[in-house]
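Just so it is clear: chains get the letters A, B, ... in the order the sequence lines come, proteins before strands, and each one is counted from 1. Because the structure is predicted, anything quoted here is derived from the model rather than measured.
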2 protein chains.
Amino acid sequence: MSLNSAQKSRKSPCKTSDTQGRLLNAAEALFIDAGYAGMSARAIADKAGVNIAAMGYHFGSKQGLLEAVLIRRIAPINTSRRLRLQAVRERRAESIRDILHAFLWPVFFNEHEAPARRLMGRVMTEPAEVVEPLLSLVFSDVIEQFVLAVAACFPKQDRALIAQKFSFVVGALSFTVLRPSERLLGSAPPTEVSFERLLNFSIDGFLEGPSVSVNSKDIP
Amino acid sequence: MSLNSAQKSRKSPCKTSDTQGRLLNAAEALFIDAGYAGMSARAIADKAGVNIAAMGYHFGSKQGLLEAVLIRRIAPINTSRRLRLQAVRERRAESIRDILHAFLWPVFFNEHEAPARRLMGRVMTEPAEVVEPLLSLVFSDVIEQFVLAVAACFPKQDRALIAQKFSFVVGALSFTVLRPSERLLGSAPPTEVSFERLLNFSIDGFLEGPSVSVNSKDIP
DNA sequence: TCACAATTAAAACGGTCGTTTGAATTATAC
DNA sequence: GTATAATTCAAACGACCGTTTTAATTGTGA
């Protein structure tokens, strides 16, 4: 029996069916479109062209399959983020643009493009509790690193304020990549354009903008 | 038979059980926590302390109940947004702060506070196709009005750019109100603080910030 | 070729899904 | 009080859920 996929690919090197890969792709697409509760094991198996029992055999459960889906795409993105942040830091002249660029770029540009982007958006807004431990496992560290880096850029700004500003960036990012983005906008701009716009928007939010000098009155 | 709730309340003015209200409250809470696919009709009925058939009787279906839930909370928020935008316009000196204030304020401050906030965040990220027509029905008009108002503030800026910046605001807003917000931040700041921070962050994103003068290189 | 492990397949498991039915109960109007 | 409508209730509908079992099939090393 298998139940583990890591060491097994070494024992059977020439897989022609690639059941695991087909399951991962099918589950990814359905999770993006319907979320965890909305994707059924039978729909996954059908889309993958695989017997339904294959899911339990290769990944243990539906939750195990989703975890594999997330780790396959999200972990490389966060690794890329970390590497880029490290490269920026080694230049000893990090700017807020460099830091946010390192955070946003791997989401928009990677070898899997749209699927990875939308998967990122979906998982950040997924209500199912099964993804909660996965989220903190994969994200908490990289988020903390980036918030620290941004804080180093603005020693004067309140730390909690910086953390929340960063969560605004995460929100704008998640919402942007969640859909083909014809929802609010009439049409979807090219990926490079969306990326550049979100980057500039986020940068301006961190810089000490004119907004701080203006008082707003709550008109109840 | 009923199947319609609008004209019926006039015929039976003294409801002691308030089955519809209990169903709405229960469905709202469960939808916020689990999304459409994750909330079951039986869980709703149990939480409401009501027979399961009451849902079909009063709202036709689970989808009908969710529609009533959304309209009850979201429509008043958007109405408040429109009224505030109109008030700002009549002053003939609208600023980006005033416009964004009118857009954000009704989400953070209304008579139902946290439930309405989180419901707003959940519905904006809900994958189920059943909410799609509801979304465009309730949101497309108010969004268009606000984008137009912002565009009037910045006649020089590209219209598509403004629309996408506004979607960034919507994303940051949705993500902020989606959870009690202990997810990325360590703790949740008071509502007024979060509101003020998001407002300032959004304003800075629209103002012609320093980011436009700096070119970013894509380091692949 | 033969044992043996890995994988796939068909079928069923108990359970829950959203919805419907029809009778019982309650409120309203005359 | 009685007819009539509105509402609630228990029960069941067929369908689908995630998972498991058991047997058949495939691939691999001796």
Can you give me the bend angle of the helix from C/dT1-D/dA30 to C/dC30-D/dG1? Use the axis through the first five pairs and the one through the last five, nearest 10 degrees.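 If I round to tens, the end axes sit 10° apart.
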Nearest nucleotide by nearest heavy atom, which residue falls closer to the 5' end of DNA chain C, A/R42 or A/G49?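 This one resolves to A/G49.
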Whole-Å distance between [N] [atom2] and [X] [atom1]?
| X | N | atom1 | atom2 | result |
| --- | --- | --- | --- | --- |
| A/L66 | D/dT19 | CG | C1' | 17 Å |
| B/M39 | C/dT19 | CE | P | 10 Å |
| B/N51 | C/dT25 | CG | P | 14 Å |
| B/F59 | D/dT8 | CZ | P | 11 Å |
| A/L23 | D/dT19 | CG | P | 13 Å |
| B/D46 | C/dT16 | CG | P | 11 Å |
| A/H58 | D/dT20 | NE2 | C1' | 16 Å |

Which one, [options], comes nearest to the side chain of [X]?
| X | options | answer |
| --- | --- | --- |
| A/Y57 | C/dA6, C/dA9, D/dT19 | C/dA6 |
| B/I52 | D/dA11, D/dT7, C/dC17 | D/dA11 |
| A/A41 | C/dT19, D/dT19, C/dA9 | D/dT19 |
| A/M55 | D/dT19, C/dT7, D/dC9 | D/dT19 |
| B/K62 | C/dG18, C/dT7, C/dA9 | C/dG18 |

Using a strict 4.0 Å threshold on nitrogen-to-oxygen distance, state whether B/K62 and B/E67 make a salt bridge.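 Salt bridge flag = no for B/E67 with B/K62.
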B/R197 and A/D158 ion-paired at < 4.0 Å: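 Counted as a salt bridge, because a side-chain N and a carboxylate O are separated by less than 4.0 Å.
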Under-4.0 Å side-chain N/O to phosphate OP1/OP2 contact, B/T19 with D/dT8: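 For B/T19, the contact criterion (side-chain N or O under 4.0 Å from OP1 or OP2 of D/dT8) is met.
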With a non-hydrogen cut-off below 4.0 angstrom, is A/A53 in contact with a base, only sugar-phosphate, or nothing?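 It contacts base atoms.
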Residue pair A/R117 / A/N110, side-chain donor-acceptor N/O under 3.5 Å: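 Judged by distance alone, the side chains do not pair up.
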Say whether B/N25 and B/R22, considering side chains only, have a donor N or O and an acceptor N or O under 3.5 Å apart.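 Side chains of B/N25 and B/R22: no pair found under 3.5 Å.
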ring-ring contact (aromatic ring centres under 6.0 Å, His included) against A/F168, all qualifying residues, sequence neighbours excluded: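 Applying ring-ring contact (aromatic ring centres under 6.0 Å, His included) to A/F168 gives B/F201.
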Taking the six-membered ring where the residue is Trp, are the ring centres of B/F195 and B/H101 under 6.0 Å apart?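 Yes - the distance between ring centres of B/F195 and B/H101 falls below the 6.0 Å cut-off.
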Among B/I44, B/T19, B/D18, which one satisfies side-chain contact (heavy atoms from CB on, under 4.5 Å) with B/V50?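 Of the listed residues B/I44, B/T19, B/D18, the side-chain contact (heavy atoms from CB on, under 4.5 Å) partner of B/V50 is B/T19.
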